[in-house]
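Scroll down for the structure; my scribbles are underneath it.
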2 protein chains.
Amino acid sequence: MTELATQNNKEINKKERILDSAEALFAQHGYDGVTIRQIAKLAEVDVALANYHFGKKLDLFHAVFDRRAQQLSDQRHKLLAAQQSSMQTLEQVIEAFLMPLKMAQQTEDPGWRNYLALLAYVMTSPVWNKIMMSKFFDKRVVEFIAALKDIFPNASEDKIHWCYHYMSGALALTLAQTGRIDRISNGKCQSTDFDTAYELMVPFMAAAFRKVCD
Amino acid sequence: MTELATQNNKEINKKERILDSAEALFAQHGYDGVTIRQIAKLAEVDVALANYHFGKKLDLFHAVFDRRAQQLSDQRHKLLAAQQSSMQTLEQVIEAFLMPLKMAQQTEDPGWRNYLALLAYVMTSPVWNKIMMSKFFDKRVVEFIAALKDIFPNASEDKIHWCYHYMSGALALTLAQTGRIDRISNGKCQSTDFDTAYELMVPFMAAAFRKVCD
DNA sequence: GTCTATAATCAGATAGAC
DNA sequence: GTCTATCTGATTATAGAC
């Protein structure tokens, strides 16, 4: 747990430290697997401070989720809109959808990696998905689906949606960083190798979409 | 919560009812999101009974996970071994890998659907994945990867592993039944439509594997 | 803003009667 | 096997001093 607290955390203000620590712990153990006390301990602040700044535990969870969601969603929107204005290849549309995540995951800030693991948790949870994903992300997915419809004007909507579902699952597992690919491949591949993860995902998904939607 | 308890549950013995209820609740809310008391209430048994039969909460969780894991793993092994003995197409190998899940999810028994949602929870959790997936499932994945290596003898191992990773993610999200595809497609697709989910997944994944591994 | 102290609740686990 | 009762500890949340 201590290794999650970076040295320079000490310089950031306490409110941000609470968000960072909550982000890291919620991503690892889920909402119910984390206590305010654990968060406060990791953030090296008093237990009562989380409540003072964010109110109830559930409010803190939402605050953590929302903090980077807007930023991510905006970036996605911008890239997808830029694509839609001109004729684009399937690969470019998929890349535009994945780019913000790839960028976020490759940044120096470990907070972004924690956040994306949290996003994976929310995406795959039957409970949280319904509550949280419609706030920021569903809109962007609808835009992505629209771009796909332009590329596959003759495909049935069902097929496009199912294809997106498969891609979304592959993406979620990548964000989650479970370490399973490391284990199964005997260390030949790493969950943290995002370069490869995104590089291969684009042709993989493009070929798959074409097969089903063309 | 009450709707999860089926009428005929009343006839099954209490030990099984505890497992069934724990399975349903753990799948929905995760390990930490469920209390022994909730499980007992749903199973309509006394709180102390769970402890009597299964010991600690963590032991109960393992008991739930293990109950159907062996069965699933055996079926997968049988189908993959049958495939490997003769030359097979990529589609057939993928289908052999998915078949046991498809069958389980399509059965009348809602317990199997709950179990597969639990499996998705374990697969996507950084914590539980490391503890639980190696017990039964990693071995079968290695067999599946071996079959893929036969089909793509010239592909680098890394690429095969990453492709499997994407498929595994798509599968996990399907098992999780989050209801997101229903929401995004405005009800045109359903998370519970496993016929379509598996029917489209085979050509989708086959084309994707070929693109990356050929 | 920060911390101490505490209230109120609820968790897991078990002892012991039947 | 089953249930009642209870112990122990932890948790959220907050009131109030500084």
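Letters go in sequence order (proteins before strands), and every chain restarts at 1. Scope of the values below: all heavy atoms of this structure, side chains included, with no hydrogens, waters or symmetry mates.
Between the CZ atom of Arg37(B) and the P atom of dA13(C) there is a distance of 11 Å, rounded to whole Å. In this structure, CZ of Phe54(B) is placed 16 Å from P of dT14(C), rounded to the nearest angstrom. The distance from atom NZ of Lys56(B) to atom C1' of dG12(C) is 8 Å, rounded to the nearest whole Å. Spacing between atom NZ of Lys57(A) and atom P of dA10(D) amounts to 16 Å, rounded to whole angstrom units. Remark: C1' of dT14(C) and CD1 of Ile36(B) are 12 Å apart, rounded to the nearest angstrom. Rounded to whole angstrom, the span from the CG atom of Asp46(A) across to the C1' atom of dA5(C) amounts to 11 Å. In this structure, Asn51(A) atom CG and dT11(D) atom C1' are separated by 13 Å, rounded to whole Å. Per the geometry, NZ belonging to Lys41(B) stands 12 Å off P belonging to dC10(C), to the nearest Å.
Atom NZ of Lys135(B) has more than 12 heavy atoms from other residues, nucleotides or ligands within 6.0 Å.
Here the rule is side-chain hydrogen bond (donor to acceptor under 3.5 Å, both in side chains) with Tyr198(A), and of Gln105(A), Gln106(A), Lys102(A) only Gln105(A) fits it.
Listed nucleotides dT14(D), dT11(D), dG12(C) differ in distance to Thr35(A); the shortest reach to its side chain belongs to dT11(D). Set against dT2(D), dT14(D), dG1(C), the side chain of Tyr52(A) has dG1(C) as its closest nucleotide.
A cation-pi arrangement is present between Arg76(A) and Phe97(A) under the rule of less than 6.0 angstrom and at most 45 degrees off the ring axis. Cation-pi check for Lys159(B) over Phe209(B) is not met; the charged atom does not lie both under 6.0 angstrom from the ring centroid and within 45 degrees of its normal.
The residue among Val47(B) and Lys15(B) whose nearest nucleotide of DNA chain D is located toward the 5' end is Lys15(B).
Of the side-chain N and O atoms in Lys14(B), one or more sit less than 4.0 angstrom from OP1 or OP2 of dC3(D).
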